[in-house]
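What follows is a set of notes on a single structure, which appears directly below.
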Amino acid sequence: DPNADRPSVQITYPAHEAGKEYVQMGGTITISGMANDDDGISAVYLQFDMNGDGEFENGVNITGCPYATSGEDNVLVDIPDGSGKKGILAHGTKSWYYTINVSQLQGLKYSDSNNKTLNVRAIAIEKDTDKAENDYLYSAWSDTLHISVNNDIPNYSNIKLKRFSTRPTESDLATKV
């Protein structure tokens, strides 16, 4: 096992734009990814660099931040990797996600004169019932996702579906020549 039996984690969406080291987004963003381990995954945690200075906040700017879409989503907890670092628990395990509203973030639009971005990274904790909680293995940090916050681009966060009928009728299915 090349990971020495450690879990692995990656951020799959959003992805960096071709030829760029960042992705440009605005409004409400759902960050999603995958985690894998032969024993299973108990949790995935995210850390944020909310001001683009390259340092992931260890609770300084996250607790009570206005950027989460609900009050329960931004609860800061200890990451059980023995580091003493804090993070936000993502929803799900092997397939996970977290939704954040970045519309209030300022100064994180990448340009030639400003290279600050919202930075996000993830870590996965294995699920192994044969081990004590403090013996769990954890992944390396994922590659960092760099988000250039641009609130001027269109934001399609409310999708509406309209149902026209409960089932097709014979006239709906008839082919007209």
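Residue indices begin at 1 and follow the sequence shown.
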Grab the two heavy atoms, one from [X] and one from [Y], that are nearest each other, plus how far apart they are.
X: Gly27; Y: Asn101; value: O-OD1, 3.4 Å
X: Leu89; Y: Ala43; value: CD1-CB, 3.7 Å
X: Ala122; Y: Val9; value: O-CG1, 3.6 Å
X: Thr93; Y: Ala35; value: O-CB, 3.6 Å
X: Ile147; Y: Ile31; value: CD1-CD1, 4.5 Å
X: Gln47; Y: Gly87; value: CG-CA, 4.3 Å

Discussion item. Is the shortest side-chain heavy-atom distance between Phe48 and Asn119 below 4.5 Å?
Written reply: no

Worksheet item: Are any non-hydrogen side-chain atoms of Val44 and Ile123 less than 4.5 angstrom apart?
Response: no

Do [X] side-chain atoms and [Y] backbone N/O form a donor-acceptor pair below 3.5 Å?
X: Gln24; Y: Asn150; value: no
X: Ser139; Y: Ala124; value: yes
X: Glu126; Y: Leu137; value: yes
X: His146; Y: Val23; value: no
X: Asp49; Y: Gly54; value: yes
X: Asp78; Y: Pro80; value: no
X: Thr144; Y: Arg121; value: no

At what distance, to the nearest 0.5 angstrom, does [atom1] of [X] lie from [atom2] of [Y]?
X: Leu118; Y: Lys109; atom1: CG; atom2: NZ; answer: 15.5 Å
X: Ser42; Y: Asp37; atom1: OG; atom2: CG; answer: 9.5 Å
X: Lys94; Y: Asn36; atom1: NZ; atom2: CG; answer: 6.5 Å
X: Ile88; Y: Leu46; atom1: CD1; atom2: CG; answer: 7.5 Å

When clusters are formed by joining ILVMFWY residues with side-chain heavy atoms under 4.5 Å apart, either directly or through shared neighbours, do [X] and [Y] land in the same one?
X: Tyr13; Y: Met34; value: no
X: Val149; Y: Tyr110; value: no
X: Ile100; Y: Tyr22; value: no

Discussion item. His91 and ring-ring contact (aromatic ring centres under 6.0 Å, His included): which single residue from Trp96, Tyr97, Tyr45 fits?
Written reply: Tyr97

Worksheet item: Would one find more than 12 heavy atoms of other residues, nucleotides or ligands at under 6.0 Å from atom CD of Gln10?
Response: yes

Discussion item. Tell me if the CG atom of Asp143 is crowded by more than 12 foreign heavy atoms within 6.0 Å.
Written reply: no

Item to complete: State, without any angle test, whether Thr117 and Ser148 hold a side-chain donor-acceptor pair at a distance under 3.5 Å.
Response: no

Worksheet item: Could Lys127 and Asp39 be called an ion pair, given the rule that one side-chain N must be under 4.0 Å from one carboxylate O?
Response: no

